There are 2 protein chains.
Amino acid sequence: MSARKKTRTSRPTATRPDGRRRKRASERRGVTIRDVALRAGVSIATVSRVLNRTAPVDERKRVLVETAAADLGYIPNPAAQSLLGRRTGGIGVLLPYVSGEFYSELLNGLDSTAKELGYFLLISTSHDRLEEWQAGARAMFGRVDGLVVMSPILTPDRLEIRSDEPTVYVNTPGAPDGANGFFSIGFSNLEGTFEATRYLLEAGHRTIAHVRGPVAHADADLREEGFRRAMAGHPAEECPVVEGGYHQEEGFAAARVIAAMQPRPTAVVAANDYCAMGVISGLLDAGLDVPGDVSVIGFDGVPSGRYSHPTLSTVEVPVRRLGERAVRTLVDVIQGHRAPPTGVEMIPVSLVLRASSRSLVEP
Amino acid sequence: MSARKKTRTSRPTATRPDGRRRKRASERRGVTIRDVALRAGVSIATVSRVLNRTAPVDERKRVLVETAAADLGYIPNPAAQSLLGRRTGGIGVLLPYVSGEFYSELLNGLDSTAKELGYFLLISTSHDRLEEWQAGARAMFGRVDGLVVMSPILTPDRLEIRSDEPTVYVNTPGAPDGANGFFSIGFSNLEGTFEATRYLLEAGHRTIAHVRGPVAHADADLREEGFRRAMAGHPAEECPVVEGGYHQEEGFAAARVIAAMQPRPTAVVAANDYCAMGVISGLLDAGLDVPGDVSVIGFDGVPSGRYSHPTLSTVEVPVRRLGERAVRTLVDVIQGHRAPPTGVEMIPVSLVLRASSRSLVEP
DNA sequence: CTGTTAGCGCTTTCAT
DNA sequence: ATGAAAGCGCTAACAG
């Protein structure tokens, strides 16, 4: 019995009563650690030690192993590695419905940072339904070392992604409110529109409209709140809030409403850049001039805004950095460099004035 | 000895000489198949059979197992499953540098289809360097059942992603040219600009410029070629080709050149939509009217084009469908429903006329 | 129908 | 310094 075992270890591919199983395995995937060991004339343990630099190995054998591995094009089976309880090397990313440039920028920040730190991305996009989020999270289970979750609608406790993996929330409500033990990275939604509105006020605008984002989106709520706070004390007819959304068509529709208002606003703070572009389109369509008759300011700072016509004033969010911070923090936690943080890290936004808005006081 | 083994199977958590190892395991991840078996009072094999519906099991035990699994919140360890040689459930997606709406649309198509078919996405974006692509591919090795690769610059044989996994190329050069054994899904780059240019010609334009995409991008080359073919026979000064790119700034810069041309083109076929928006911006900036003085047609059909000002005429690519077809085909191959195809599947594009272009013949 | 067992490929003690 | 062996959690023969 012990003789047979010995045979198994040192000559795994030798003829056996049943050649079938062996063959099946080699059909599936190529080179295993045993093939390398065999070729180098050492034990699989030594191969492992060399490849992981996990213990000192005789110089000659080391070279032998490295050569054999290279010759064979050996790549360790990640499934086997993670089965042993080691890292999977994956970071799961749970996103809402992705559309527009915001997400491609975010993805860029996430992926380039993940790459830099030696991780790969597992991505799942979901729509508003809770089950979709949970299904996405479940699919990640055991395949990732940590999670980045961006859920503008559902709060972490509603999502109930109670995975053991460390999780960083991005622009997700709930976490900001308090120390539920969640950690989130956000940007200043409220302050953004507050500043934009304040600027317009100082620039001499009296009647300013806000086109708000989608219902139940926490960030849309915050942006509306920022607008309201800046307009605090002004009569209601001077600060109308119009239903809108995050897409151009919704901004376009809102512009119709705004163009017909009495008194007509001389400025609009839009929910985001696409919405703002739609508003501009709708305003122009209604025969108004932007910024001649109406100033428009967006939110996000998407690249298109620099070249739309007129170029778009906006509250710029450093999206790329948002992604980078999320991954970097997550990896720090995964690797034990720091304890899982809680609370919120806020990334500041900045008002960028371009051609779609103008001052009424300094002509 | 056999008694001990029996014990191990039926009471894995019982006290053992060394309690350490057990504890370590439970630290890492929660519930295993043995916990479920223990709770249901059956063997792990039965649990597996119930959960995978892989063999008939006594009704009562079935319920017992299902209850136990649900109570414990059991999720099979994917690493263990794939180690057995079963599917990983992953689809690897290798993309170039992502920016703009094209990629968020593509991602949408890929992810929603993958979800529908029970797969998740592993994403890696790369820039132009070959090593980055290969590193991305290597990271996917063993973690995915198949690959979707979109490489507008490097051909499949240059990429040398010689993985055993079935691979579908999207909008990637090389495969189109011949049966190298690769399969690719593309759209009609050449035909797209050809049609757009033909339309402009028929609409009475004589001098038409093309702002081409990035150097060495195969799709940019094809689009230029489509333009040239449509303009075949026309004198060179009537069909200038200007350096450009896929971003607005490059279109903007190209517009400056075009505005200064003698004779000045009355129409521009741009490399893509963002480029076209930049061209429009630059043209307006130079005091020209669009489409009054110059008509502009883009390529891709990004959502913004519907609401830019003027709304953008474009060659619309069904990006979402592109992603869907890629994943669907790949999964068909993975699941053995069809043999790995070769050659190209072309997805047709369509000319969509909006306000940025006008006819000179029917006023 | 159901339990036992042999691995999947790898890392990590444990003995040399 | 290095080989043997014990599993990680799971599925798929192989016996009952």
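Remember, it's a predicted structure, so these values are computed and weren't measured experimentally. Convention: sequence-line order gives letters A, B, ...; per-chain numbering from 1.
- Of the candidates D/dC10, C/dC10, C/dT11, C/dT11 carries the atom nearest the A/S48 side chain, counting heavy atoms from C-beta on.
- If you check C/dC10, C/dT2, D/dC10 against the side chain of B/K61, the one that comes closest is C/dT2.
- Among the atoms of the strands shown, only primed sugar atoms or phosphate atoms (P, OP1, OP2) are found under 4.0 Å from some heavy atom of A/T46.
- Atom-to-atom, CG of B/N52 to P of C/dC1 comes out at 17 Å; the value is rounded to the nearest Å.
- As rounded to whole Å, 10 Å separates atom P of C/dG7 from atom CZ of A/R34.
- Between B/N77 atom CG and C/dC10 atom P there is a gap of 16 Å when expressed in whole angstrom units.
- Nearest-nucleotide positions on DNA chain C for B/A80 and B/A45 put B/A45 closer to the 5' end.
- Both the sub-6.0 Å distance and the 45° axial angle are satisfied by B/R87 relative to the ring of B/Y119.
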#### Entry: Pair B/S112-B/N108, side-chain hydrogen bond (donor to acceptor under 3.5 Å, both in side chains): steps then yes or no
CA-CA 6 Å; B/S112 58; B/N108 247 299; 5.3 Å; no

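- Between the CD atom of A/E59 and the C1' atom of D/dA1 there is a distance of 13 Å, given to the nearest Å.
- Listed nucleotides: D/dT2, C/dC1, C/dG3. Nearest to the side chain of B/D58: C/dC1.
- If you measure from atom CG of A/L83 to atom P of D/dG7, you get 14 Å, rounded to the nearest angstrom.
- For A/T46 (side chain) and A/V42 (main-chain N/O), no donor-acceptor pair under 3.5 Å exists by modelled atom type.
- Taking only side-chain atoms of A/S43, from C-beta outward, the nucleotide of D/dT2, D/dA1, D/dG3 with the closest atom is D/dG3.
- Side-chain contact between A/W133 and A/R138 is absent, with no heavy atoms from C-beta onward closer than 4.5 Å.
- Distance from the side chain of A/L84 is smallest to C/dC10 among D/dT11, D/dT2, C/dC10.
- Computed from coordinates, the B/Q81 CD to C/dC8 P distance equals 18 Å when rounded to whole Å.
- Across the protein-nucleic acid pair, B/I33 atom CD1 and D/dA12 atom P stand 11 Å apart, rounded to whole Å.
- Residue A/A55 is the one, among A/A55 and B/A79, whose nearest nucleotide of DNA chain D lies closer to the 5' end (criterion: closest heavy atom).
- Toward the 5' end of DNA chain C, the nearer of the two residues A/Y74 and B/V42, judged by each one's closest nucleotide, is B/V42.
- One can place CZ of B/R49 at 11 Å from P of C/dT4, the figure rounded to the nearest angstrom.
- The pair A/D111-A/K115 meets the salt-bridge criterion, with a side-chain N (NZ, NE, NH1 or NH2) lying under 4.0 Å from an Asp/Glu carboxylate O.
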